[in-house]
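Below: the structure, in structure tokens.
All chains are named by letter (A, B, ...) in the order of the sequence lines, taking the proteins before the strands, and each is independently numbered beginning at 1.
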Number of protein chains: 2
Amino acid sequence: MPRTHMQITPIVTNAPSLTERAIEAVRDAIREGTLVPGELYSVYTLAENLGVSRSPVRDALLRLAETGVVRFERNRGFRVIMPGPEELVEIFAVRLALEVPAAGRAARAAVSHREALRAASAELQDAVDADDEALFMLRDQRLHGLILALAGNNLVRQTIENLRDAIRLVGASTAEKSRTLQGIHAEHTPIVEAILSGDGPGAAAAMAVHLRETGRLLAREAARQEGEGRDADALWAALID
Amino acid sequence: MPRTHMQITPIVTNAPSLTERAIEAVRDAIREGTLVPGELYSVYTLAENLGVSRSPVRDALLRLAETGVVRFERNRGFRVIMPGPEELVEIFAVRLALEVPAAGRAARAAVSHREALRAASAELQDAVDADDEALFMLRDQRLHGLILALAGNNLVRQTIENLRDAIRLVGASTAEKSRTLQGIHAEHTPIVEAILSGDGPGAAAAMAVHLRETGRLLAREAARQEGEGRDADALWAALID
DNA sequence: TAACCATGACTAACATGTTACAGGTTACAT
DNA sequence: ATGTAACCTGTAACATGTTAGTCATGGTTA
């Protein structure tokens, strides 16, 4: 029989494993405050709440532990980790080192995907207009991811993606209060413009401005929260510039 | 009670879990060729060979999968992944972005740990003299790790450490043949010298030279191995410089 | 009051059982 | 010969069982 081409959409092999679903569930729980940083939890009870066995939950938490979102304590339980000012400064040092050149490279990338970039930027503006912070965070992440994708280095993209994970805990909870969503988005605009007009150095510079601004703010907020007169700016100066 | 400083070495909670031991065992097995890239293996048999149950072995492999050393195939088994030229170029793009500024920062770091740096360099020379490639790789890794430690960003250190993991598969097996150990070590010397003399820009430049040289070589070797006229230099140009 | 110890509740880490599915093989119809 | 469908094997993913260790508590002693 000739293998005639059938016009059928193939089954989406999208079946997310229980482990992956558990990862998302934990992330959501952290965002919504169901899981509080510092508190001790157990795989046992978490698995029960999720309605699955301990195995996939444990696997999920181990993967989250790998990226520093949670930490296991032997025979005690696990905790959600709130990144302190040191961690945040370190994270932004990495982001600056990787995302700034990536923005420049994205400006030189093929024009084919530029439309997607424009769309992502517009969608971000929509989130601003709707004043939906959760949506904003999501689309902000997508925009940054898109720029990294344009730059063409998957490893960089994946690395940054993991870091952003840790940030959202702080970002969503506190620090963004000092800036309006409109203010943050205003910082991306020049990045997007520069990329669209093929201006590599301009895109890199704009990205640097944006990341420095965001990073400093988050680090200061984290320092204040930890009290003890932690000096975020000193940490910043030691690792950046 | 005044918290007097006690000169007691704290209890070494050094008990490495079975999972961690399994990770090391797998790494060793890959290095020694017991586990061949591309071949299908099962957690079942591997666990049996290691003399432990499947759980810690599975955990270990999942963590290695996270860093791209192995890949699982549902209901089939797992494979050791040999990084191709694309991956290698991406890895070195990251290393350049992170390690070059780190070298510069290390030069400005506290003088206190400089002695360790000198020692690490000397030990590397010893490995060269003994013509012991395995030992060389280990100490080379330690030297790079030390420089990153001096730079003060733990996140960077950990990130690079993970990447080097993937590299050693290629490095140990093939590519280093084109350079003598002495030749490689000759590239670090100016890095170490510059750091010791506090010359930040010089250290950064020397590190850049070293990483470019190494990366190009590994990428070309990987491209040759994959055949098909893969052009490593084109990939390199697209992501670096 | 304070140091000590037994004991019980709870946990991660590890071990073992179970299941659904991917992919090869084989028997068979055409 | 060739496509096909039933069957078989081996596996990851998931579920459940076991163990050793941590910590809180409360009772006991000095």
Original post:
Closer than 4.0 Å, any side-chain N/O of B:T19 to the OP1 or OP2 of C:dC14?
Top reply: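 Looking at the OP1 and OP2 atoms of C:dC14, one of them is under 4.0 Å from a side-chain N or O of B:T19.
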**OP:** Respond yes when some side-chain nitrogen or oxygen of B:R58 is under 4.0 Å from OP1 or OP2 of D:dA13, and no when none is.
**Re:** yes
**OP:** Check every atom of D:dA12, C:dA12, D:dT16 against the side chain of A:S42 and return the nucleotide holding the closest atom.
**Re:** C:dA12
Original post:
Looking at the side chain of B:N75, which of D:dT18, D:dT11, C:dT16 is the nearest nucleotide?
Top reply: D:dT11
Within 6.0 Å of [atom1] in [X], more than 12 heavy atoms from elsewhere:
{"X": "B:E20", "atom1": "CD", "result": "yes"}
{"X": "A:R139", "atom1": "CZ", "result": "yes"}
{"X": "B:R95", "atom1": "CZ", "result": "yes"}

**OP:** Could you check A:S53 against A:R76 and say which one's nearest nucleotide on DNA chain D is further toward the 5' end?
**Re:** A:S53
**OP:** Map A:Y44 and A:P56 onto DNA chain D by nearest heavy atom, then report which one ends up closer to the 5' terminus.
**Re:**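 Its nucleotide being nearer the 5' end, the pick is A:P56.
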Original post:
the helix from C:dT1-D:dA30 to C:dT30-D:dA1: angle between its terminal axes, five pairs each, to 10°?
Top reply: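 Its terminal axes enclose an angle near 0°.
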Original post:
Does a side-chain heavy-atom distance below 4.5 Å link A:V70 with A:R79?
Top reply: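 Not in contact.
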Original post:
Would a 4.5 Å heavy-atom cut-off, applied to side chains only, mark B:F136 and B:I184 as touching?
Top reply: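 Heavy-atom side-chain distance check passes, below 4.5 Å.
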In this structure, how many angstroms lie between the [atom2] atom of [N] and the [atom1] atom of [X], rounded?
{"X": "A:R74", "N": "D:dC23", "atom1": "CZ", "atom2": "P", "value": "12 Å"}
{"X": "B:L64", "N": "D:dA12", "atom1": "CG", "atom2": "P", "value": "14 Å"}
{"X": "B:Y41", "N": "D:dG10", "atom1": "OH", "atom2": "P", "value": "18 Å"}
{"X": "A:L50", "N": "D:dC14", "atom1": "CG", "atom2": "C1'", "value": "14 Å"}
{"X": "A:F78", "N": "C:dA13", "atom1": "CZ", "atom2": "C1'", "value": "15 Å"}
{"X": "B:E48", "N": "D:dA12", "atom1": "CD", "atom2": "P", "value": "13 Å"}
{"X": "B:R54", "N": "D:dG10", "atom1": "CZ", "atom2": "P", "value": "15 Å"}
{"X": "A:D59", "N": "D:dC14", "atom1": "CG", "atom2": "C1'", "value": "9 Å"}

**OP:** Establish, for the pair B:R54 and B:Y44, whether the NZ or CZ atom is under 6.0 angstrom from the six-membered ring centre and no further than 45 degrees off its axis.
**Re:** yes
Original post:
Out of curiosity, A:N162 CG to B:T159 OG1, how far, rounded to the nearest 0.5 Å?
Top reply: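 The distance works out to 9.5 Å.
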Subject >> Contact nearer the 5' end of DNA chain C, comparing A:S55 with A:G77 >> reply: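 Its nearest nucleotide lies further toward 5', so the answer is A:G77.
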